[in-house]
**Q** 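Pasting a structure below so you can have a look.
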Amino acid sequence: MGLKTALTHTVLPKHLYLKRSLFFSALFFILFTAVTLTVIKANALREQHQIAQRTATFTSDYLRQLTDTMLRIGLLTAEPCPSIAGELNRDAAFSVGVRDFQLVRNGIVFCSSASGNQHVPANSALHDIDFDKNMSISLQMGTPAVPNRAVILIWQRNAGAADDGVIATLELTLSPYMLFAQPGSGYRGFALLVGDSALISSMAGLIPVSDLPRSHFTQVNVDHYPFSIRLYSPVLTRDNILFTISGGLLLSLLVCALIYHSLLNRHNVEREILRGLKNKEFFVEYQPVIDAKSLKVTGVEALLRWQHPIEGRIPPDIFISYAENQGLIVELTQHMMALVAADAHTLQHAFAAPGKLSINISPHHMNKISFHDDVMNFIEALPENAFQVIFEITERGMIDTQGALREFNWLRRHKIEIAIDDFGTGHSALIYLEKFTLDYLKIDRGFVMSIDQKTLIAPVLDTVLRLTEELKIKTVAEGVETPMQAEYLRNHGVTYLQGFLYSKSLSVAELVAFIRDFNEKEATWQI
């Protein structure tokens, strides 16, 4: 919201700032939550991948050591079981996770580290082992000795032999810990996949691979070995989401407070006005006032203007109304008086006789203790006997009629004339005509604009003009823009005319030139 918009409110639009702050903080919350959860997800995926790679490396190293042992044990297949049983038992005891080593000769299991001499066909209970391959790995639900516990079976064929080799039975109650339970792993579960079967950490039995969960996992293949590992872990946990939302809400509240405070500071109109006074952004322009009979410029109205360095020209009806409501009108009027007094020394030479110099005074200023001193300082700063000073006072602000009457009497004692500005726009205009002795009545431009249009306001204007004539109050019509309006007003006894038909507001230099040219030429207005 820019300064011009903020000035249209009689008080700072804090509720609008709050809405804007909440809007941007909501955007921040959405962005923060999305970015944070994306980063958490990316980190989780990267961590899962690293865990999976470490697990695959660990598994590969373990199986390589195991197969090396099995290749060495395979050399014993030419010996009878009693002569090699002790060595076979030692190898099983020192091989981590191995339940049993079985020696196979000519397709027959003839020696076991667990049970000694045997004579059992190797393929009798190991249906998923492919003995035609140099190596085969199978998941199986139990063995004849321990039928209710899942095991990993590994077949390693001797080099150059067709049916000789070693079968290793791995105990899965120990192997999952050895293979997967690494410190800081962060996974929620794992699965071993061999062919169409899988073993998962949460179940004791085997299940088809097609029944495994299909999301939130990372799968790796173990190098040179025919099985895969899946590590399951949701990339976004409930704790992740709750923590992110909580942090986002906290930061969003902080952002909301910061934005709200920033908007208040940025659009602090009071501070902008005071800064503008200090930096001389306020200046005065003058609009000529034309005598309706002679059509000569006989006076001017001083108008305060504000050229903001960023917002540009600020409309006076906006910032003056704001200044009145926020208690800054005294500072603005004091500044305007100083500028007008300085310009008056140049402006006095534009009039053959003392010109009328009108400035706007707020009733709020009249109620201040400094009012009398401000007026006296202004009069004393003007060129002596060069101007008839007129104070234009808006009737909308005169609620305390007794106070206004007292100040009007004081102004008259100091030879200052009084005009009621924007007459007819307030709620008790006729009361002021009855209670106060006035010198001028300024007819609001709304009445003047009604002259060209058939509205209900036009008869009211006629009534006002007849009333001022009876009360012998001079009238000034502001906002005159067309010759038809000027003709009507002159024909109905209006004393002075003011508006764009004659001139817009001018700087001092422009005004002096305009008065000279306007007053020297013949009054050629055909009215």
Side-chain angles (χ1 to χ4, degrees), residues 1-41 236-283 303-336 360 362-365 367-368 394 396-400 422 425-427:
M1 178 181 294
L3 181 62
K4 292 180 182 178
T5 306
L7 280 166
T8 61
H9 297 75
T10 57
V11 295
L12 282 174
K14 295 182 180 180
H15 64 288
L16 296 180
Y17 295 162
L18 180 60
K19 287 182 180 179
R20 175 165 291 191
S21 301
L22 290 172
F23 173 75
F24 282 111
S25 63
L27 288 181
F28 173 83
F29 173 77
I30 295 172
L31 181 63
F32 172 84
T33 302
V35 171
T36 302
L37 292 180
T38 299
V39 171
I40 291 175
K41 181 178 180 180
L236 292 177
T237 66
R238 182 174 180 270
D239 290 341
N240 293 149
I241 296 173
L242 289 178
F243 177 79
T244 301
I245 292 176
S246 299
L249 287 174
L250 182 61
L251 290 175
S252 296
L253 290 175
L254 179 61
V255 168
C256 181
L258 291 175
I259 293 177
Y260 181 70
H261 180 71
S262 175
L263 287 173
L264 285 181
N265 285 338
R266 179 183 176 188
H267 297 145
N268 189 319
V269 182
E270 178 178 353
R271 188 182 64 181
E272 287 293 308
I273 290 176
L274 295 176
R275 183 196 56 77
L277 290 173
K278 180 180 179 181
N279 295 339
K280 299 181 179 179
E281 297 171 9
F282 290 90
F283 60 97
L303 302 169
L304 189 63
R305 298 289 186 255
W306 184 9
Q307 182 68 33
H308 192 275
I310 297 176
E311 301 287 343
R313 184 70 70 93
I314 307 296
D317 56 335
I318 294 179
F319 74 80
I320 290 176
S321 175
Y322 177 86
E324 286 183 330
N325 284 283
Q326 298 300 310
L328 296 173
I329 194 63
V330 174
E331 288 83 352
L332 283 179
T333 304
Q334 289 171 342
H335 185 70
M336 181 180 69
N360 292 276
S362 170
H364 298 280
H365 190 182
N367 295 327
K368 301 298 181 182
T394 305
R396 288 192 301 268
M398 291 189 295
I399 304 301
D400 181 8
D422 297 334
T425 60
H427 59 276

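Sequence positions, counted from 1, serve as the residue numbers for this chain. For the numbers below, each heavy atom of this structure counts, side chains included, while hydrogens, waters and symmetry mates do not.
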**Q** Between L37 and I241, what is the shortest heavy-atom contact and its length?
**A** CD2-CA, 4.3 Å
**Q** Of all the heavy-atom pairs spanning P316 and R305, show the shortest one and how long it is.
**A** CG-NH1, 3.4 Å
**Q** Can you confirm whether R313 sits close enough to W306 that some side-chain heavy atom of one is under 4.5 Å from a side-chain heavy atom of the other?
**A** no
**Q** Please round to the nearest 0.5 Å and tell me the distance separating atom NE2 of H335 and atom CG of L304.
**A** 7.0 Å
**Q** For L332 and L277, work out which heavy atoms get closest and say how close.
**A**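 L332 and L277 have their closest heavy atoms at CD2-CD2, 3.8 Å.
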**Q** Could you go through the side chain to side chain donor-acceptor pair (under 3.5 Å) check for E281 and H308 one step at a time?
**A** CA-CA 6 Å; E281 297 171 9; H308 192 275; 4.9 Å; no
**Q** Measure from the side-chain N and O atoms of S25 to the backbone N and O of C256, and report whether any donor-acceptor pair falls under 3.5 Å.
**A** no
**Q** Are F319 and F282, when compared by the centres of their aromatic rings, separated by less than 6.0 Å?
**A**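 For F319 and F282, the ring centres are under 6.0 Å apart.
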**Q** Check whether any side-chain heavy atom of I273 lies under 4.5 Å from a side-chain heavy atom of Y322, and answer yes or no.
**A**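 Yes - at least one pair of side-chain heavy atoms lies under 4.5 Å apart.
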**Q** Please report the interatomic distance OG1(T333) to NE2(H365), rounded to the nearest 0.5 Å.
**A** 5.5 Å
**Q** Taking all non-hydrogen atoms of both residues, which atom of S252 and which atom of F28 are closest, and how far apart?
**A** OG-CD2, 3.5 Å
**Q** Measure the shortest side-chain to side-chain distance between F29 and I245 over non-hydrogen atoms and say whether it is less than 4.5 angstrom.
**A**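 F29 vs I245: side chains touch.
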**Q** Does the side chain of Q334 come within less than 4.5 Å of V330's, by heavy atoms?
**A**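 A side-chain contact under 4.5 Å exists here.
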**Q** Heavy atoms, side chains only, cut-off 4.5 Å: are L303 and N360 in contact?
**A** yes
**Q** Answer whether the closest heavy-atom distance between the side chains of P315 and I318 falls below 4.5 Å.
**A** yes
